[in-house]
Amino acid sequence: MKRLLLLAALTCGTLASNAQGILNLSTYSGTDLTRYAGKNYNVKVNRYVFAGWNTISLPFDLDATLLNETFGSDCRLEQLAGVENDGQNVRLNFRDCKAQGIKAGQPYILYVTGENRTVSFTAPDATIVDTPTDLTFTVQGTGERVTMSGTPFKRDSQGVYGILARDNAEAAFVNVDDITTGFYATRCYIKLSGGNTALLTTNHIGADDGSTNVADLLTPGERVTVYNISGVPVATDATISDLNRLQPGIYTIKGKKVTISR
């Protein structure tokens with residue numbers, strides 16, 4: 001009888017929400033957020049993290065202050081900012097975005113120090129977003145489309161890349177077709193339009209790396225040559241309008257780094 005009562009209590013404790021506006025987010029199987037979208041709740045989260053790089057996507061904003069309180073002041077947060085062909089592999093360029101915190105529905109990589117552990121926190125008065133935002137970039141020269149997505153629900157690992165715990169020192173995304181456990185909710189994966197045939201490498205870019213705004217760099221009518229961050233020309237005789245049509249990513253123009261975004 002005591003065991004039955006305990007199981008009943010645990011079941012009640014995992015209900016999605018209660019009258020006090022509490023939303024318990026499942027980071028294992030996921031939570032159907034359809035009826036909560038656009039509303040505010042105090043969201044309770046228990047999320048397991050490994051020492052090293054993890055992936056994370058949350059259905060609510062988490063500002064830099066709460067990010068530091070939750071994962072430690074020495075944590076790092078980066079987002080995919082562009083991709084390129086480095087000759088043989090697809091390079092993933094991740095940019096530091098910790099100062100902006102986590103934005104609802106968007107995919108990130110998160111670096112955590114210390115021991116592997118479960119982190120518990122509450123995000124107060126958080127606005128719920130039920131639709132994830134995919135980040136898609138095209139590899140210049142090959143046309144390969146690279147998409148990074150969050151997992152609102154547990155999913156299988158077929159046809160995608162993920163970070164394995166044994167490979168997370170450098171946020172190495174690898175083919176995970178053979179991983180039977182799949183992806184738990186609030187994690188992220190990468191998918192290539194050509195399938196799991198390419199080797200992915202990861203490049204980390206700091207937030208303060210001297211990037212320049214396109215509008216501040218070129219004068220009207222000026223034409224320039226554009227290079228990717230490996231120094232390979234990707235456009236010649238390009239105007240400001242041409243630059244704004246480039247795939248989002250990081251480029252070198254007139255010797256300066258430039259971030260093209262949408």
Side-chain angles (χ1 to χ4, degrees), residues 21-28 30-31 33 40-82 91-129 132-133 135 148-152 162-174 183-190 200-212 229 250 257 259 261:
I22 301 294
L23 176 63
N24 290 303
L25 185 69
S26 169
T27 60
Y28 175 75
T31 304
L33 299 173
N40 287 30
Y41 292 88
N42 296 322
V43 186
K44 289 188 175 181
V45 181
N46 295 307
R47 168 62 199 269
Y48 192 84
V49 293
F50 292 94
W53 287 102
N54 302 261
T55 61
I56 189 166
S57 179
L58 299 173
F60 55 87
D61 290 350
L62 192 68
D63 65 28
T65 299
L66 190 51
L67 184 71
N68 284 328
E69 291 176 357
T70 302
F71 299 103
S73 59
D74 53 356
C75 73
R76 295 163 61 185
L77 184 72
E78 297 182 2
Q79 190 165 50
L80 189 62
R91 178 180 293 163
L92 309 171
N93 293 316
F94 284 93
R95 179 183 289 280
D96 175 25
C97 60
K98 183 177 175 179
Q100 290 75 46
I102 291 175
K103 301 301 181 184
Q106 297 192 19
Y108 298 88
I109 56 174
L110 171 71
Y111 187 85
V112 178
T113 60
E115 302 294 327
N116 300 343
R117 62 193 185 276
T118 296
V119 175
S120 301
F121 66 98
T122 298
D125 196 31
T127 303
I128 304 302
V129 172
T133 300
L135 297 179
M148 186 170 182
S149 307
T151 54
I163 299 178
L164 299 178
R166 65 172 182 264
D167 299 320
N168 74 344
E170 293 299 327
F173 280 85
V174 297
F183 287 84
Y184 298 140
T186 73
R187 279 71 171 178
C188 307
Y189 62 89
I190 285 178
L200 306 185
T201 61
T202 299
N203 181 37
H204 301 283
I205 303 169
D208 184 14
D209 63 356
S211 293
T212 303
I229 63 173
I250 301 164
K257 288 183 180 178
T259 300
S261 59

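For clarity, every value in this text was computed on a predicted model and none was experimentally measured. Throughout, numbering of the chain's residues begins at 1 and tracks the sequence.
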I need the [X] [atom1] to [Y] [atom2] distance, nearest 0.5 Å.
X      : Y      : atom1 : atom2 : result
Ser149 : Gln106 : OG    : CD    : 12.0 Å
Asn168 : Ile163 : CG    : CD1   : 7.0 Å
Thr65  : Leu62  : OG1   : CG    : 9.5 Å
Leu92  : Glu78  : CG    : CD    : 11.5 Å

Is there a side-chain contact between [X] and [Y] (heavy atoms, below 4.5 Å)?
X      : Y      : result
Phe60  : Thr127 : no
Tyr108 : Ile102 : yes
Leu80  : Pro107 : no

Can you list the steps and then say if Lys98 with Arg76 is a side chain to side chain contact (heavy atoms under 4.5 Å, CB included)?
-> CA-CA 6 Å; Lys98 183 177 175 179; Arg76 295 163 61 185; 5.7 Å; no
Counting only heavy atoms not in Tyr48, do more than 12 fall under 6.0 Å of its OH?
->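 More than 12 within 6.0 Å, yes.
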Give the ring-plane orientation class for His204 versus Trp53, where under 30° counts as parallel, over 60° as perpendicular and anything between as tilted.
-> parallel
Side chains of Arg47 and Thr186: is there a donor and an acceptor less than 3.5 Å apart?
->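 Yes, a side-chain donor-acceptor pair sits under 3.5 Å.
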Is a side-chain donor-acceptor pair under 3.5 Å present for Thr118 with Asn46?
->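 Result is no, nothing qualifies.
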Under the 3.5 angstrom rule, does the side chain of [X] hit a backbone N or O of [Y] as a donor-acceptor pair?
X      : Y      : result
Arg187 : Thr27  : yes
Asp63  : Leu66  : yes
Asp61  : Ala104 : yes

Minimum heavy-atom distance between Ala185 and Pro152, given as atom pair plus value | CB-O, 3.5 Å
